[in-house]
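Have a look at the structure below before the remarks.
Position 1 is the first residue of the sequence, and the numbers go up from there. Bear in mind the structure is a predicted one, so any value in this text is a computation, not a measurement.
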Amino acid sequence: MSKSNLIVFDLDDTLLNTSHVYWLARKLFVETLSEELQMNEDKLIEEFEKIDGIQMQILKHSPYRYTLSMIETYKSVSLKLNHQVSEETLKAIKEFGRLILKITPNTIKGAKKILDWSSQNYSLALLTRGENSFQKKKLHKSKLFKYFDFIRVVPYKNAEVLKKFITDIGFDCQDVWVIGDSLKSDINPGIEIGAKCILYAYQHPHYHWIQDTESVALGSFYQVDNLSDIRQILESDSNSISK
């Protein structure tokens, strides 16, 4: 394998178990409001996700978005129930939101092993959504920063953003593998630009991003349930790509 070939990795829920931290913050939030408002947790989650979906359109993947979404949910539900908003609860909500800033997500099993191997055989790039300083802080704290030759943090990902990143760092799209957990943000953009793609089927037992769901693939791609299976695909001499 030649280092003239490039792998573009995603970060959150591909290499780092980021959703677990968000789930923890939401869990504490929902439990607190359910007790205070005497409201069903599923109904609170439904209201929160609706509001967070609106906030995502404005704030994208800012690490501060979740706190604002929780506060807006609390105020909205309280208004509907004619409930007095508590300053103590608002303070608690802000603490739940700070967990996202304070806790470094665990590295997903197999991440460092595949990065160790692939960094010896490919140039590695990271294209991740979010706030620049926050994403790079996670990379340093998780000790993943050292693996990447190129890193770019963007507010959103699509085919145009992916292609610009690849061409800016001097590669041709046909010489690129794209590896990520999102059909919408990683795989379909990769397919659109002619890259080869591997979907890591990330699953959290209690949490998924309904705002990032896309069910229709634009072409063929590989799929793995474990990061350890990626090496076999990359080493394969086969030119066929199967779903």
Side-chain angles (χ1 to χ4, degrees), residues 10-108 126-142 144 151-157 181-182 184-185 202-213:
D10 174 51
L11 179 63
D12 295 310
D13 293 340
T14 299
L15 301 174
L16 294 180
N17 192 11
T18 305
S19 280
H20 187 72
V21 180
Y22 281 82
W23 169 78
L24 177 59
R26 192 187 71 176
K27 177 176 181 290
L28 293 170
F29 166 71
V30 169
E31 288 175 349
T32 298
L33 259 64
S34 177
E35 182 177 350
E36 179 179 331
L37 302 175
Q38 293 296 296
M39 187 174 176
N40 179 272
E41 289 190 3
D42 290 338
K43 291 288 186 182
L44 281 169
I45 290 172
E46 183 181 344
E47 185 69 15
F48 169 79
E49 292 296 339
K50 181 170 41 174
I51 289 173
D52 192 49
I54 295 170
Q55 292 290 348
M56 185 176 279
Q57 295 176 28
I58 303 166
L59 299 174
K60 307 301 181 187
H61 290 267
S62 166
Y64 304 101
R65 187 196 79 244
Y66 228 57
T67 302
L68 293 174
S69 294
M70 288 190 285
I71 290 172
E72 286 303 311
T73 301
Y74 177 47
K75 290 180 177 179
S76 173
V77 173
S78 294
L79 182 62
K80 291 176 183 177
L81 296 176
N82 198 27
H83 174 82
Q84 181 66 41
V85 170
S86 163
E87 289 299 323
E88 184 177 344
T89 301
L90 287 172
K91 183 178 178 181
I93 289 172
K94 290 174 184 176
E95 286 301 314
F96 302 152
R98 287 192 188 99
L99 293 177
I100 294 164
L101 301 172
K102 293 192 295 187
I103 298 176
T104 301
N106 291 328
T107 305
I108 290 175
L126 185 80
L127 184 64
T128 177
R129 297 174 298 184
E131 184 184 84
N132 186 61
S133 61
F134 181 63
Q135 293 300 87
K136 289 182 177 177
K137 181 181 177 182
K138 284 194 291 187
L139 280 170
H140 281 292
K141 284 193 169 184
S142 61
L144 297 183
I151 295 170
R152 183 169 293 179
V153 182
V154 293
Y156 61 90
K157 292 197 282 189
D181 71 295
S182 172
K184 179 179 180 180
S185 300
Y202 172 88
Q203 289 189 341
H204 187 278
H206 310 293
Y207 194 87
H208 69 281
W209 292 95
I210 61 173
Q211 300 93 341
D212 202 31
T213 300

Cationic N near anionic O, under 4.0 Å, D52 to R26: no
Candidate list E131, Q135, K137, K136, test side chain to side chain contact (heavy atoms under 4.5 Å, CB included), partner S133, passing option: E131
Is any side-chain heavy atom of I54 less than 4.5 Å from a side-chain heavy atom of E72? no
Indicate whether any N or O donor in one side chain lies under 3.5 Å from an N or O acceptor in the other, for H83 and E36. yes
Carboxylate-amine/guanidinium contact K91 E95, below 4.0 Å: no
With rounding to the nearest 0.5 Å, note down the distance linking CZ in R65 to CE in M70. 10.0 Å
Here the pair of heavy atoms bringing V153 nearest to R129 is CG1-C, 4.4 Å
Centroid-centroid distance, F48 to Y66, less than 6.0 Å: yes
Less than 4.5 Å apart, any side-chain heavy atom of L33 and any of Y74? yes
Would a distance-only check, ignoring hydrogens and angles, find a side-chain to backbone donor-acceptor pair under 3.5 Å from S34 to M39? yes
How far does CD of E46 sit from OG1 of T73, to the nearest 0.5 angstrom? 11.5 Å
Does the side chain of K75 come within less than 4.5 Å of I71's, by heavy atoms? yes
Around atom CZ of F134, are there more than 12 heavy atoms from other residues, nucleotides or ligands closer than 6.0 Å? yes
Check the pair Q55, S69 against side-chain hydrogen bond (donor to acceptor under 3.5 Å, both in side chains), reporting the backbone distance first and the verdict last. CA-CA 7 Å; Q55 292 290 348; S69 294; 5.1 Å; no
dist R152:CZ -> L127:CG (nearest 0.5 Å) comes out at 7.5 Å
Taking the side chain as every heavy atom from C-beta outward, state whether L126 and L144 have any pair of such atoms under 4.5 Å apart. no
Are the side chains of I103 and L24 in contact, using a 4.5 Å heavy-atom criterion? yes
So, for L101 and P63, which heavy atoms are closest and what is the spacing to 0.1 Å? CD2-CB, 3.6 Å
Nearest-0.5 Å distance, OG1 of residue T89 to NZ of residue K94: 12.0 Å
How about Q203: does its CD atom have over 12 heavy atoms from other parts shown lying under 6.0 Å from it? no
Less than 4.5 Å apart, any side-chain heavy atom of S142 and any of L16? yes
Side-chain heavy-atom pair T128, D12 within 4.5 angstrom cut-off: yes
Provide the closest heavy-atom pair for Y202 versus I108 in the form atom of the first, atom of the second, distance. CD1-CD1, 3.9 Å
CG on L90 to OG1 on T67, rounded to 0.5 Å: 11.5 Å
Flag the pair I51 / S76 as yes when at least one side-chain heavy-atom distance between them is below 4.5 Å, and no otherwise. yes
Atom pair CD1/CZ of I93 and F29 - distance to nearest 0.5 Å: 5.0 Å
Donor-acceptor pair, D13 side chain versus T18 backbone, under 3.5 Å? yes
